[in-house]
Every structure is written in C-alpha cells, then in structure tokens.
Amino acid sequence: MALWGGRFDGDTSDLFKALNDSLPFDCALVMEDIEGSIAWARALGRAKVLKAADVSKLVKALDSIAERESDPATAKISSATDEDVHSFVERELIALVGDLGKKLHTGRSRNDQVATDVRLWTASAIVNLRRLIALAIDALVSLADAELKKRTVLPGYTHLQRGQPVLFAHWCLAYVEMLRRDHERFGDALSRVCVSPLGSGALAGTAYPIDREALAADLGFLEASRNSLDAAGDRDFVFETLSTIALCGVHLSRLGEDLILYSSSEFGFIQMSDRVTSGSSLMPQKKNPDAAELLRGKSGRLIGNLVRIATTLKGLPLAYNKDLQEDKEPLFDSVAHLTLCLRIVPECVSGITINRDRMLAAADDGFSAATDLADYLVRAGVPFRDAHHTAGRLTRTALELRVPLHKLTLDQMRAIEPRIGPDIFKELSIDAVLAKRDVIGGTAIGQVRKQVGIAKASVKAMLRA
Ligand code: ARG
C-alpha cells in the first residue's frame with residue numbers, strides 16, 4: 001500500500017510503478033532510514049507529541065526491523081514491492097505495532113526523511129573512503145621509504161620526454177600528496193554532509209515543537225539546517241561528494257597510467273605482480289596491467305556520475321522534486337567503485353618489482369644533466385638564457401657524435417664555451433644532479449627523507465582518527 005492513497009480513486013499503472021519506484025536501489029538506505037526514524041520518534045517524545053511508552057515501543061520495533069534486515073537470511077526488503085525504502089520501513093513497523101506505527105510520520109515528510117537518510121549514508125561512506133585513502137597513502141609511503149634506502153632513481157618526464165632524474169621515492173610521494181589532498185577534501189565535505197535536514201518537513205518546517213538541534217545531535221550531525229526550503233531540496237552534499245570522488249579517481253587514473261607505462265616492455269622499469277595482472281587469451285607471452293588500467297578506466301564513470309547529479313540539479317525549482325530521486329544511483333555507484341579502486345592500490349603498489357638498473361640507465365642517459373650544465377655556466381657568470389643556448393649546442397654536438405654529454409672531451413666543450421673547466425664532469429653525475437635539488441619539495445635525498453618522515457606521521461594520524 002502506498003503512503004499517499006487518500007486523495008486517489010484509481011490505481012497507478014504498472015509502467016508508472018516501474019518508473020517511479022526507488023526501492024530497487026534505495027533499499028541500500030534501510031539502516032539509515034531506521035536510524036533516522038528512531039531519532040524522529042525520540043524527538044516527537046521530547047516534544048510531547050508521543051508518550052514515552054509509545055516512543056519505547058516504536059524504538060524497540062524499529063530496532064527489531066534493523067536486526068532482521070541486517071541479516072540477508074531474514075531480510076524481507078529484497079523481495080518487497082513497496083514504492084521506496086520509507087514505505088517499506090513504515091509498513092513493516094505498522095505490521096509490528098499496529099496503529100502506533102502510523103503515528104511515527106507525524107510532522108515528518110519523506111522529503112526531509114530521504115535527505116536525512118542520504119546524508120547519514122554519505123557520512124559513513126566518506127569515513128570509509130578516508131580510511132581507504134589513508135591505507136593507500138600508507139602503501140605508497142612504505143614503497144617510498146624502501147626505495148629511498150636503495151636510492152632508486154627514475155627519469156622524471158615532462159611531455160613524456162626525459163627531463164631530469166628524480167628519486168623513485170619522490171615519484172611515490174607525488175601521489176601521496178594528491179591523495180593527502182583528497183583525504184582533506186573528503187574531511188571538508190564531511191562537515192557539510194553532517195547537517196541535519198530533519199524537521200524541515202515537506203518544505204516549510206515541521207509544525208510540531210521539535211528541538212532540531214537535539215535531534216541533529218542525536219543523529220551524530222554537527223548542526224541543524226537553517227532553511228527548510230533549501231534543506232528539503234539540497235543535494236549540494238551529493239554533488240560535492242561526487243566531485244571529490246571524481247577528483248580522487250582522476251588521481252588514481254594518473255597513477256594507473258604511470259604504472260601501465262612503466263611496466264610496458266618499452267619502459268621496463270617495473271613489473272606488476274601476478275595478483276593484479278591478467279594474461280591474454282590469445283598471446284601467451286602477455287601480462288596485462290588490468291588493475292592499473294581499471295584505475296585509469298574507472299575515472300570515466302566517476303566523472304560521469306558527477307555530471308549526472310550536476311545535470312539533475314541544474315534548473316530544479318525549489319524545493320523537493322522527484323528528480324532528486326536520481327541522486328542515489330550515481331552516489332552509490334561512485335562510492336562502490338572508488339572503494340574498489342582504493343582497495344586495490346596497496347595491492348598494486350606493494351607488489352611492484354622494480355628494475356632499478358634499467359631505471360637508472362634511463363635516468364642517466366647522458367642528457368638529463370643538460371640543465372645542470374647550464375647551471376654550471378650560470379655560476380661562471382653566463383646569463384641563464386645564454387647558458388641554456390650553450391647547453392643546447394653541447395647537447396647537439398654530443399648527439400651528433402653519439403656520446404652522452406659527459407663523454408664530450410673538455411676540448412670539445414671548450415670549443416663551444418671556453419669558460420667550461422675540468423670541474424664540469426662531477427657536475428654531470430646523477431648524484432650531483434639529485435643533490436642539487438636541495439629545496440623544500442625538491443628531489444635531493446635529504447629533502448625526500450624529510451618528506452617521507454612527514455608523510456609517515458600524517459598517515460599515522462589519519463589512521464588513528
Ligand atoms: N524515493 C524518494 C526519493 O528518493 C523519496 C522522497 C519522496 N518524496 C515525495 N514527496 N514523493 O527522493
């Protein structure tokens with residue numbers, strides 16, 4: 001039975017039911033709906049709308065529904081045909097306590113109810129995602145720490161052309177930074193999720209003397225919403241969560257792309273573990289980086305889900321409109337898929353085999369110190385623009401002679417720039433090149449070690465919280 005039959009004579013069509021019903025997906029909110037209903041029953045009790053004994057009966061019945069629904073063996077929701085999760089819970093409640101169950105919805109609307117449920121669900125989803133981000137960071141920091149001790153060097157790229165060498169640990173920490181910002185962004189979003197819309201009624205505010213602050217606190221929210229018209233139709237928090245998820249997904253996509261490139265035969269820097277790769281059904285030699293490819297590929301759906309909610313919200317008149325029912329599936333989908341992606345990151349990262357020699361050979365290809373050659377000339381008093389030009393000419397000469405920069409003889413160098421001295425050669429070693437980047441955020445060993453320490457401490461704090 002629908003919750004709203006009074007003014008209707010005819011039945012709704014089957015087609016309408018197929019279009020309109022949300023139970024097939026909002027069944028995921030059953031625990032939140034019960035939690036919100038318990039808090040509402042208590043709030044009605046405090047407002048003297050319900051007697052204390054009735055409140056206890058309602059709470060007990062709602063608890064028993066929660067217990068039954070938490071076990072798939074006893075849950076009824078999967079075979080129910082109610083319009084939505086709210087109708088299901090209310091019908092089950094009435095089945096347990098009779099007419100008293102019909103009193104629960106006093107002063108409440110499904111509009112403030114569903115907004116509350118989705119907020120409760122989103123808050124706990126964000127708490128879980130933040131934990132998974134912390135674990136992904138933890139795996140990256142451990143890899144950074146281990147490879148720092150081995151002084152593993154990676155060619156750094158711009159435009160996917162070799163640029164300057166960096167420590168492999170520095171590369172790990174670049175992704176740590178992205179994920180750290182995601183962790184922070186989710187925390188920030190959470191403070192806006194944890195606002196209670198309950199008591200906003202359908203749109204104008206409930207007509208009963210509900211202490212909305214106490215109700216908000218009862219639900220674990222930080223405050224009560226300040227405008228009923230806004231609160232009943234506000235899905236900014238879904239938009240913000242999906243946007244934060246999409247950005248985190250973009251970061252994982254870039255991580256995936258680096259792993260794919262570095263594990264290709266062309267690069268040959270790393271090998272992904274058997275646990276996260278697959279073979280080809282045709283080509284027996286293949287080891288495909290599927291997990292990394294899906295880290296990259298899933299970002300498409302995460303961005304798509306953000307566009308879904310943005311498009312749904314755009315142009316909606318105040319306050320609640322049924323369009324808002326479309327908020328749930330993108331939200332659930334994005335949370336589920338980002339969860340999977342984040343969970344696979346530690347497995348991908350900790351299982352990497354690193355081909356240090358090949359990485360070093362690529363980093364030390366004889367040209368990645370070209371910037372340092374220019375810097376050497378700057379120290380000899382040459383303006384940087386001219387030094388850059390000279391280093392470029394020396395590079396061209398070396399390329400023509402098919403030797404690395406440091407294999408040019410001093411005479412060959414001096415023919416182009418007489419201010420070059422014999423001390424140039426130690427400038428061009430990879431160790432010297434790395435050691436010079438000794439600024440905050442630079443790739444010198446000491447700086448990276450410091451950043452590993454900072455990252456370790458912050459991940460510890462994240463996991464403690
Ligand atoms: N299933 C609905 C949703 O997800 C619940 C709210 C229904 N509100 C209403 N006024 N019909 O949005």
Side-chain angles (χ1 to χ4, degrees), residues 136 139-141 143-144 146-148 150-181 247 249-272 288-289 291-293 295-297 299 345 348-349 352-375 384 388 391-392 394-396 398-399 402-406 427-445 447-448 451-452 455:
L140 283 162
V141 175
L143 184 61
E147 295 307 317
L148 181 66
K150 294 176 185 141
R151 313 220 160 181
T152 309
V153 178
L154 171 83
Y157 296 84
T158 65
H159 312 266
L160 205 53
Q161 308 286 321
R162 283 180 201 157
Q164 294 167 339
V166 291
L167 288 171
F168 183 74
H170 202 54
W171 174 89
C172 297
L173 293 184
Y175 287 102
V176 166
E177 283 305 298
M178 295 178 220
L179 291 173
R180 198 178 54 73
R181 290 194 294 272
L247 184 47
V250 166
H251 294 151
L252 297 185
S253 173
R254 296 185 71 180
L255 172 65
E257 171 65 1
D258 270 356
L259 295 176
I260 293 161
L261 278 177
Y262 295 171
S263 64
S264 68
S265 316
E266 282 68 19
F267 279 75
F269 293 168
I270 60 170
Q271 240 196 310
M272 306 287 292
N288 296 327
E293 288 174 296
L295 285 180
R296 186 177 61 186
S299 60
V345 169
C348 286
V349 166
I352 287 179
T353 308
I354 294 178
N355 189 345
R356 290 180 193 84
D357 296 340
R358 179 142 174 161
M359 228 141 75
L360 180 64
D364 202 9
D365 65 351
F367 295 97
S368 52
T371 316
D372 299 81
L373 181 54
D375 286 339
F384 180 74
H388 182 279
L394 285 162
T395 300
R396 214 170 74 194
L399 282 170
R402 294 174 184 280
V403 293
L405 265 181
H406 60 267
E427 293 287 316
L428 303 183
S429 80
I430 207 147
D431 286 342
V433 169
L434 288 171
K436 262 184 278 173
R437 269 71 197 179
D438 192 12
V439 290
I440 296 173
T443 199
I445 284 203
Q447 293 291 345
V448 175
Q451 294 301 334
V452 166

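These numbers come from a predicted model, not from an experiment.
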Peer 1: Has Ser368 got a side-chain atom pairing as donor or acceptor with Ala363's backbone, closer than 3.5 angstrom?
Peer 2: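 Here the side-chain-to-backbone pair exists.
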Peer 1: Identify the heavy atoms of Pro404 and Gly366 that sit nearest to each other, and give their distance.
Peer 2: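 That closest heavy-atom pairing would be CB-CA, 3.4 Å.
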Peer 1: Is there a donor-acceptor pair closer than 3.5 Å between any side-chain N or O of Arg437 and the backbone N or O of Val433?
Peer 2: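 Answer holds: yes.
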Peer 1: Does any part of the side chain of Val166, heavy atoms only, come nearer than 4.5 Å to the side chain of Val448, both counted from C-beta?
Peer 2: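 When only atoms from C-beta onward are counted, Val166 and Val448 do not touch, as no gap falls below 4.5 Å.
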Peer 1: So how far is it from Cys348 SG to Ile270 CD1, rounded to the nearest 0.5 Å?
Peer 2: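 If we round to the nearest 0.5 Å, Cys348:SG and Ile270:CD1 are 9.5 Å apart.
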Peer 1: Would you say that more than 12 heavy atoms from the other residues, nucleotides or ligands in this model lie under 6.0 Å from the CZ of Arg356, or not?
Peer 2: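 Correct, the count exceeds 12.
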Peer 1: For Thr353 and Gln271, does a side-chain donor sit closer than 3.5 Å to a side-chain acceptor?
Peer 2: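 Distance-only check fails for Thr353 and Gln271.
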Peer 1: Passes salt bridge (Lys or Arg N to Asp or Glu O under 4.0 Å), Asp365 versus Arg162? Steps please.
Peer 2: CA-CA 9 Å; Asp365 65 351; Arg162 283 180 201 157; 3.2 Å; yes
Peer 1: Arg180: which residues meet the salt bridge (charged side-chain N to carboxylate O under 4.0 Å, His left out) condition with it, sequence neighbours left out?
Peer 2: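 Here the qualifying residues are Glu177, Glu184.
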Peer 1: With a 3.5 Å distance limit and no angle check, can you tell me whether Thr395 reaches the backbone of Ala391 through a side-chain donor-acceptor pair?
Peer 2: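 Yes, because the side chain of Thr395 sits within donor-acceptor range (under 3.5 Å) of the backbone of Ala391.
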Peer 1: Determine yes or no for a side-chain-to-main-chain donor-acceptor pair under 3.5 angstrom, with Thr443 supplying the side chain and Leu167 the backbone.
Peer 2: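 Checking the backbone N and O of Leu167 against the side chain of Thr443, a donor-acceptor pair under 3.5 Å is found.
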Peer 1: Between Lys436 and Asp375, is there a side-chain N and carboxylate O pair less than 4.0 Å apart?
Peer 2: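 A salt bridge is absent here (no side-chain N lies under 4.0 Å from a carboxylate O).
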Peer 1: Using a cut-off of 6.0 Å, state whether more than 12 heavy atoms not belonging to Arg358 lie near its atom CZ.
Peer 2: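 Check passes, neighbour count above 12.
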Peer 1: To the nearest 0.5 Å, tell me how far Cys172 SG sits from Leu154 CG.
Peer 2: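 Cys172 atom SG to Leu154 atom CG measures 9.0 Å (nearest 0.5 Å).
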Peer 1: Less than 6.0 angstrom separating the ring centers of Phe168 and Tyr262, yes or no?
Peer 2: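 Phe168 vs Tyr262: aromatic centres not under 6.0 Å.
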